[in-house]
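This report concerns only the one structure given below.
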Amino acid sequence: MPGRPRSAPAPLRTAAVLAGGGLLLSGCAGAPAVQPGSQADLRARIPKAVKAAGVLRIGSYLNYVPVDFKDPNGAPAGLDPELATAIGNYLGLRVEFADMAFDKLIPAVQSKQLDLVMSAVIDTKQRQLGAADDGHQVDPGVDFIDYFLTGTSMVVKTGNPLNLSTLDSLCGHAVAVQRGTIQDEQAGRQSTACLRIGKPLQIRQFEDDDQALAEVAAGTAVADLNDYPVAQYNTMQPQRGGRFQLASTHFLQSGPYGITVAKDNTQLRDVLAKALDQVIRGGEYDKILTKWNVRPGGVSSAVVNGGL
């Protein structure tokens, strides 16, 4: 028809479309897809508030050598701070530690005062559920990323004069514990068992383990119940003067240390678990455990809520 432009031959139209498609495809090829679970993926999945702050706010009771303590300059040191720093570095985040009483740590993470807790907190179903000893719920509970295997040890005077080895052997005596710990809970349950046989157990609770050890040294408590890494450390240090030993090489109860996060913070929990796996696989985890002489407690991968 006059005045109407002629259509291009079909082969030319096809070539033009393919050429345009090629340009589009070449543009996409310049932005490779992020692999699930990669460092880039995990950094992208960090919760918005944490990413915006650029920091992980971590609670810890910094008086628990060699797991959590302060170096001579007052900086956080030990197994937990070094592992936290390695995880933070992998995620591109700084870590900031808040030194708090142990029994205040879980409430602080539940109230969002903290992003997480790393303070030799043993993962248990009871803590996951926020349950009291009788099973009723007393708080919202927390989630754990398990990163180290440990157990309760009994520290006694050198020579073990009372031949203590089990929780039952403590009946009729006084035991020292740090307030709010698994060992505090163990002692409470054992106290009930001791009452049944008419040999009451006295529980002496303290804010830190140094006070508990002082009770053993003074003879006002026959034993101090503590996590194995700390118990072992206290029997080996020159400043202890050879005054203490482990009552037994067997754990009274075993369980994992867990990075502690709020129950509703599953996004952060999952990112931390994957980042810990990468720190383990990369070899930094083993170097840190070796430095603090706690390699027997090492794990091969992160486990969420593996405590009993």
Stepwise side-chain contact (heavy atoms from CB on, under 4.5 Å) check, Lys51 with Leu93: CA-CA 8 Å; Lys51 185 183 293 187; Leu93 298 170; 5.6 Å; no

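- Electrostatic pairing of Lys112 and Asp264 counts as a salt bridge here, judged by a charged N lying under 4.0 Å from a carboxylate O.
- The heavy-atom pair separating Ser169 from His173 by the smallest distance is O-CD2, 3.5 Å.
- For Gln202 (side chain) and Val175 (main-chain N/O), no donor-acceptor pair under 3.5 Å exists by modelled atom type.
- In summary, the aromatic rings of Trp292 and Phe69 are positioned with their centroids under 6.0 Å apart.
- Rounded to the nearest 0.5 Å, atoms CG (Leu56) and CG (Asp115) are 6.0 Å apart.
- Applying the disulfide (SG to SG under 2.5 Å) test to every pair with at least one member in residues 274-308, sequence neighbours left out, gives no pairs at all.
- No side-chain donor-acceptor contact under 3.5 Å links Asn63 and Asp68.
- Using a 4.5 Å cut-off between side-chain heavy atoms of Ile, Leu, Val, Met, Phe, Trp and Tyr, with links allowed through other members, Val65 and Leu213 fall into different hydrophobic clusters.
- Taking every heavy atom of both residues into account, Gly297 and Leu289 meet most closely at C-CD2, 4.4 Å.
- Val299 is connected to Ile145 through a chain of hydrophobic side-chain contacts under 4.5 Å among Ile, Leu, Val, Met, Phe, Trp and Tyr, so both are in one cluster.
- A pairwise comparison of heavy atoms in Ala131 and Val138 identifies C-CG2, 4.2 Å as the closest pair.
- Among residues at least two apart or in separate chains, disulfide (SG to SG under 2.5 Å) pairs with a member in residues 125-229 are Cys171-Cys194.
- With hydrogens and angles disregarded, no donor-acceptor distance shorter than 3.5 Å links the side chain of Ser119 to the backbone of Val121.
- Atoms NZ and CD, on Lys157 and Gln245 in that order, are 12.5 Å from each other to the nearest 0.5 Å.
- Around CD of Gln205, the count of heavy atoms belonging to other residues, nucleotides or ligands within 6.0 Å exceeds 12.
- Residues Val55 and Val95 are not in side-chain contact: their nearest non-hydrogen atoms beyond the backbone lie 4.5 Å or more apart.
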Determine whether Tyr61 and Asp80 satisfy the following criterion, side-chain hydrogen bond (donor to acceptor under 3.5 Å, both in side chains), listing intermediate values before the conclusion. CA-CA 11 Å; Tyr61 178 63; Asp80 282 348; over 6 Å; no

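- With values rounded to the nearest 0.5 angstrom, Arg179 atom CZ is found 9.0 Å from Gln211 atom CD.
- Between Phe97 and Arg57 the shortest side-chain heavy-atom distance does not fall below 4.5 Å.
- Asp224 places a side-chain heavy atom less than 4.5 Å from the side chain of Val216.
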I'd like a table of donor-acceptor pairs (distance under 3.5 Å, sequence neighbours excluded) in which one partner is a side-chain atom from residues 269-278, with atom names and distances.
unit_1: Arg269; atom_1: NH1; unit_2: Asp143; atom_2: OD2; d: 2.9
unit_1: Asp277; atom_1: OD1; unit_2: Ala302; atom_2: N; d: 2.8

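- Hydrophobic clustering, with ILVMFWY side chains joined whenever heavy atoms are under 4.5 angstrom apart, keeps Val155 apart from Tyr233.
- At distances below 3.5 Å, at least one donor-acceptor pair connects side-chain atoms of Lys263 with backbone N or O atoms of Gln128.
- Residue pairs meeting the ring-ring contact (aromatic ring centres under 6.0 Å, His included) criterion with at least one member in residues 125-171, sequence neighbours excluded, are Phe148-Tyr257.
- Applying the disulfide (SG to SG under 2.5 Å) test to every pair with at least one member in residues 100-143, sequence neighbours left out, gives no pairs at all.
- Counting only N and O atoms by type, the side chains of Thr220 and Glu215 include a donor and acceptor under 3.5 Å apart.
- Side-chain contact of Gln35 with Asp41: a donor-acceptor pair under 3.5 Å is absent, judged by distance alone.
- Between the side chains of Asp133 and Gln126, at least one donor-acceptor pair of N or O atoms lies under 3.5 Å.
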Verdict with supporting geometry, Asp139 and Gln110, side-chain contact (heavy atoms from CB on, under 4.5 Å): CA-CA 9 Å; Asp139 65 57; Gln110 290 169 332; 3.0 Å; yes

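- Once rounded to the nearest 0.5 Å, the distance linking CE of Met118 with CD1 of Ile259 reads 4.5 Å.
- In this structure, OH in Tyr228 is found 13.0 Å from CG in Leu149, a value given to the nearest 0.5 Å.
- Between Gln183 and Thr152, the side chains place a donor N or O and an acceptor N or O closer than 3.5 Å (distance only, hydrogens not considered).
- Between Arg243 and Ala217, the shortest heavy-atom distance links the atoms NH1-CB, 4.0 Å.
- Note: the hydrophobic cluster containing Ile122 also contains Val261 (ILVMFWY, side chain heavy atoms under 4.5 Å, direct or indirect links).
- In this structure the side chain of Tyr90 reaches within 4.5 angstrom of the side chain of Gln39, judged on heavy atoms.
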Atom pairs and distances, side-chain donor-acceptor, residues 99-108, under 3.5 Å, sequence neighbours left out:
unit_1: Asp99; atom_1: OD1; unit_2: Leu62; atom_2: N; d: 3.0
unit_1: Asp99; atom_1: OD2; unit_2: Lys70; atom_2: NZ; d: 3.2

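- Using a 4.0 Å cut-off between charged nitrogen and carboxylate oxygen, Asp123 and Arg127 do not count as a salt-bridge pair.
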Checking Leu79 against Ile288 for the side-chain contact (heavy atoms from CB on, under 4.5 Å) test, could you report, in this order, the C-alpha distance in whole Å, the side-chain angles of both residues, the deciding distance, and whether it holds? CA-CA 7 Å; Leu79 174 67; Ile288 293 169; 3.9 Å; yes

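- Contact record, Leu201 with Ala187: CD2-O, 3.8 Å, taken as the closest heavy-atom pair.
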side-chain contact (heavy atoms from CB on, under 4.5 Å) evaluation trace for Gln178 with Thr181: CA-CA 6 Å; Gln178 184 178 346; Thr181 60; 3.7 Å; yes

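- Here the side chains of Val222 and Val156 are not in contact, with every heavy-atom distance at 4.5 Å or above.
- Closest approach of Gly258 to Asp146, counting heavy atoms only: CA-OD1, 3.9 Å.
- The closest side-chain heavy-atom distance from Asn234 to Asp209 is below 4.5 Å.
- At least one side-chain heavy atom of Ile182 sits under 4.5 Å from a side-chain heavy atom of Gln253.
- Glu284 and Asn89 are not linked by any side-chain donor-acceptor pair at a separation below 3.5 angstrom, with hydrogens and angles left out of the test.
- Rounded to the nearest 0.5 Å, atoms CG (Leu167) and CG (Leu225) are 6.5 Å apart.
- No continuous path of hydrophobic side-chain contacts links Leu268 to Val109 [ILVMFWY only; heavy atoms under 4.5 Å].
- For Arg189, the CZ atom sits in a packed shell: over 12 heavy atoms of surrounding residues, nucleotides or ligands are nearer than 6.0 Å.
- For Asp227 and Thr150, the side-chain atoms include no donor-acceptor pair closer than 3.5 Å.
- Within the 4.5 Å cutoff, no side-chain heavy atoms of Asp208 are placed close to those of Tyr64.
- Counting heavy atoms of neighbouring residues, nucleotides and ligands inside a 6.0 Å radius, atom CG of Leu308 does not exceed 12 of them.
- The main-chain N or O of Val230 is never found under 3.5 Å from a side-chain atom of Asn226 such that the two would form a donor-acceptor pair.
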